[in-house]
Number of protein chains: 2
Amino acid sequence: MATLGRRADGMSLSQLAEHLGLAEGTVSRALNNYPDIAAKTRERVANAAREFGYRPSSAARRLARGVIETVGFVLPARGAHLSDPFLSEILDGLAVELAAHDWDLIVAAVPEDHDEIEVMDRLVKSGKVGSFVITRTRRQDPRVAFLKSSNLPFVVHGRTDEHDDYSWLDVDNKKAFVDAVTYLHGLGHRRIAMLGGDTEMNFAWLRRAGYLQAMEDLGLELAPGYLVDNVADGAGVANAMAGLLALAPAPTGIVCVTDSVAIDAIAAIRRAGLTPGREISVTGYDGLATGAAIDPPLTTMSQASYEAGREVGRMILALHNSTKPQISHILWEAKLTLRASANPPVTAPAN
Amino acid sequence: MATLGRRADGMSLSQLAEHLGLAEGTVSRALNNYPDIAAKTRERVANAAREFGYRPSSAARRLARGVIETVGFVLPARGAHLSDPFLSEILDGLAVELAAHDWDLIVAAVPEDHDEIEVMDRLVKSGKVGSFVITRTRRQDPRVAFLKSSNLPFVVHGRTDEHDDYSWLDVDNKKAFVDAVTYLHGLGHRRIAMLGGDTEMNFAWLRRAGYLQAMEDLGLELAPGYLVDNVADGAGVANAMAGLLALAPAPTGIVCVTDSVAIDAIAAIRRAGLTPGREISVTGYDGLATGAAIDPPLTTMSQASYEAGREVGRMILALHNSTKPQISHILWEAKLTLRASANPPVTAPAN
DNA sequence: AACCCTACCGAAAGCGCTTTCGGAAGTCAA
DNA sequence: TTGACTTCCGAAAGCGCTTTCGGTAGGGTT
């Protein structure tokens with residue numbers, strides 16, 4: 001007797017079929033809800049499958065159907081770690097949404113001597129993933145270019161400069177920073193500076209744009225040196241703050257591209273003998289937990305990462321299910337969390 | 001003519017073989033370095049494969065070979081997010097190491113109405129993963145029990161109470177806290193308290209054990225209330241600190257299970273009108289970047305997460321390559337980072 | 001010149017599924 | 001009772017690889 005396929009990881013279709021006295025094809029169709037299977041049979045099959053904990057081999061299934069129900073996610077390049085506090089939440093949301101439809105998530109990293117495109121290409125060529133989710137986009141992002149040219153389904157958490165022809169979910173970074181500046185202005189601040197991030201990164205660029213726009217709309221003077229770009233965490237902030245504090249007049253309010261920068265900025269202000277939240281107000285962005293514990297508690301803005309992950313998951317699935325791939329653009333608003341690092345300036349505004 | 005297999009995601013073996021005028025089997029063996037292929041042929045095949053960017057379909061390969069070169073990683077349950085600042089580094093290291101051998105990493109999450117074991121079981125039954133890496137272990141961890149009973153290869157980043165019969169990589173949490181207490185003792189502290197974490201979690205339990213052991217070894221009195229377990233971030237710390245500060249005598253030094261707790265503790269001390277690092281010294285654990293920016297900069301301990309991820313990757317691969325699966329136990333030491341939150345107590349030790 | 005080896009490659013089976021196709025029962029109307 | 005449909009299931013091909021098994025051609029021996 002020909003030995004039935006015995007999968008090391010469980011039962012095989014042939015075993016299940018033999019147990020039921022049915023043909024493999026019949027069992028398969030029953031499990032996949034084909035209309036040409038008697039209701040009674042379908043149920044009998046379903047019960048047996050449940051009883052034995054049968055699950056079709058995903059490799060065999062993929063090979064037979066030619067459909068890849070796995071999405072790829074390439075981790076942001078090393079070094080950027082510290083700046084993405086919510087990776088795990090995004091992954092979590094994404095994976096949960098995918099799992100609900102029996103899809104999987106392959107997470108890949110970029111080794112030292114390779115680049116992101118190579119990694120993605122490998123994944124595609126070997127048929128390991130059929131779509132991608134990417135995050136932390138640069139304004140000109142080679143990953144997006146690659147994906148567009150390969151016409152794989154993909155959705156971007158974030159955006160690029162040109163973002164009309166693909167699906168994305170982003171937070172309105174620009175508006176968030178318009179709001180931050182406007183908030184400080186409402187508090188009485190007139191000399192508002194910004195500690196910006198890597199201008200190649202899209203989120204940093206848009207926050208910068210929001211700052212600039214609000215300054216203009218509010219008729220505030222953008223004094224030379226008030227906008228500091230490409231501020232790196234740690235020493236970068238210390239240097240930038242030294243520059244800002246040496247200015248005459250020095251700013252009374254500073255909007256920071258991230259909480260991490262803001263926390264460093266607050267430390268620098270204190271080291272300069274000033275009181276953060278008094279002589280100089282500070283706002284951040286991210287809603288880090290530690291921001292609430294520092295002195296003064298950081299006024300900041302946050303976004304719902306877990307929910308974003310889930311929504312992105314839904315978008316990817318939608319891309320597959322609709323025959324006519326609908327590209328969708330979703331823009332969420334950041335939530336302002338008022339704490340104590342931003343207050344009316346102690347010196348009356350020059351205005 | 002029979003149309004050659006045309007993979008949507010690239011070229012197929014049959015196409016490559018036809019192009020070369022060779023049989024599929026020959027090309028396959030050439031690519032896999034079988035000894036029965038002429039050197040010249042092997043090279044010709046390799047060149048063509050490179051030229052066309054050919055990569056074997058992983059699904060077909062897996063099906064034919066029956067080997068699953070994918071490891072599963074189940075994200076820690078939601079809610080624990082904030083307490084794992086280094087997930088992305090671990091994933092990064094792990095994925096990089098795996099990628100070097102063309103292995104993949106599937107990251108799964110646990111949906112609301114399921115548990116970790118179900119998720120893992122699904123992954124195994126459907127042949128999606130052939131081994132697992134798990135992190136953030138509890139002292140009694142059902143995942144470890146599941147994996148042991150299923151005899152899948154797996155390695156644990158962390159440990160459980162019983163940890164002799166599986167491979168793990170862990171940081172010596174106990175020694176780290178012995179060191180922390182000893183350090184405070186060396187500074188002159190005699191009344192040392194601990195803000196501990198979830199005692200179900202193995203790392204928290206071991207840090208607690210380290211505290212206890214050092215207290216005993218150093219002959220320090222463990223005053224009632226000095227050891228606070230199950231302290232949750234935020235409000236939990238505030239409550240715990242209120243209790244500690246109400247004690248008579250109050251501790252002069254506090255070792256905290258994590259930086260996050262320590263940062264909250266420092267805030268509480270300041271709110272109580274005391275100066276952290278003066279009347280009360282504080283140490284943390286994790287080496288969070290923000291710890292360096294707070295006032296006073298946090299004295300803490302850290303571990304190399306990226307490297308840990310890589311090492312765990314190597315361990316998984318080793319489990320597969322050796323016919324006789326070697327279980328290995330690797331214990332790393334935490335690195336002490338001296339900053340300014342721990343200093344000699346202002347009041348002379350009672351000794 | 002007949003022999004045996006070795007080196008090398010082709011043929012074919014098989015991995016565990018899905019899906020198309022055809023045909024055997026069963027159903028209904030005439 | 002016959003014919004025309006339905007309903008339902010089995011058979012078989014095929015997805016893209018890997019691997020075993022032969023078999024042929026060439027090189028060495030005696």
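Every chain is numbered from 1, with letters handed out A, B, ... down the list of sequences.
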Restricting to nitrogen or oxygen on both sides, can you table the protein-nucleotides 23-28 of chain C pairs closer than 3.5 Å?
none

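Residues satisfying the side chain to side chain contact (heavy atoms under 4.5 Å, CB included) criterion with B:Gln140, sequence neighbours excluded, are B:Asp161. Partners of A:Ser28 under the side chain to side chain contact (heavy atoms under 4.5 Å, CB included) rule, at least two apart in sequence or in another chain, are A:Leu13, A:Asn32. Applying the side chain to side chain contact (heavy atoms under 4.5 Å, CB included) rule to B:Glu51 yields no partners; only residues at least two apart in sequence or on another chain are considered. Residues meeting the salt bridge (charged side-chain N to carboxylate O under 4.0 Å, His left out) test with B:Asp164, sequence neighbours left out: none. Evaluation of the salt bridge (charged side-chain N to carboxylate O under 4.0 Å, His left out) rule for B:Arg61 yields no partner, not counting sequence neighbours. When the side chain to side chain donor-acceptor pair (under 3.5 Å) test is applied to A:Thr41, no partner is found at least two apart in sequence or on another chain. Remark: A:Phe52 pairs with A:His19 by the ring pair (Phe, Tyr, Trp, His ring centres under 6.0 Å) rule, at least two apart or across chains. With sequence neighbours left out, the side chain to side chain donor-acceptor pair (under 3.5 Å) criterion links A:Ser58 to no other residue. Listed by chain and residue number, B:Arg138 satisfy the side chain to side chain donor-acceptor pair (under 3.5 Å) test with B:Glu116 (two or more places apart in sequence, or in another chain).
Between the two ends of the helix from C:dA1-D:dT30 to C:dA30-D:dT1, each summarised by a five-pair axis, the helix axis turns through 50° (rounded to 10 degrees).
Exactly one of A:Val156, A:Val155, A:Ile134 qualifies for a side chain to side chain contact (heavy atoms under 4.5 Å, CB included) with A:Trp168. That residue is A:Val156.
Summary of the strand contacts: A:Ser57 and B:Ala39 both lie near DNA chain C, and taking for each the nucleotide with the nearest heavy atom, the more 5' one is attributed to B:Ala39.
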Legend entry - Under 4.0 Å protein heavy-atom contact, by nucleotide of nucleotides 18-28 of chain D - B base, S sugar-phosphate only: BBB--------
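Here D:dG16 presents its P atom at 16 Å from NZ of A:Lys125, a figure rounded to the nearest Å. Computed from coordinates, the A:Leu22 CG to D:dT7 P distance equals 20 Å when rounded to whole Å. For the pair B:Leu16 CG and C:dG10 P, the computed distance is 13 Å after rounding to whole Å. Atom pair B:Arg42:CZ and C:dC9:C1' shows a separation of 13 Å (rounding to whole Å applied). If you measure from atom CG of A:Asp9 to atom C1' of C:dC15, you get 12 Å, rounded to the nearest angstrom. Taking atom CD1 on A:Ile68 and atom P on D:dG16, their separation rounds to 11 Å, with Å as the unit.
Comparing D:dC9, C:dC9, D:dC15 by their closest approach to the side chain of A:Leu63 singles out D:dC15.
Between B:Thr160 and B:Tyr166, the side chains place a donor N or O and an acceptor N or O closer than 3.5 Å (distance only, hydrogens not considered).
Residue A:Thr41 places at least one side-chain N or O closer than 4.0 Å to OP1 or OP2 of D:dC9.
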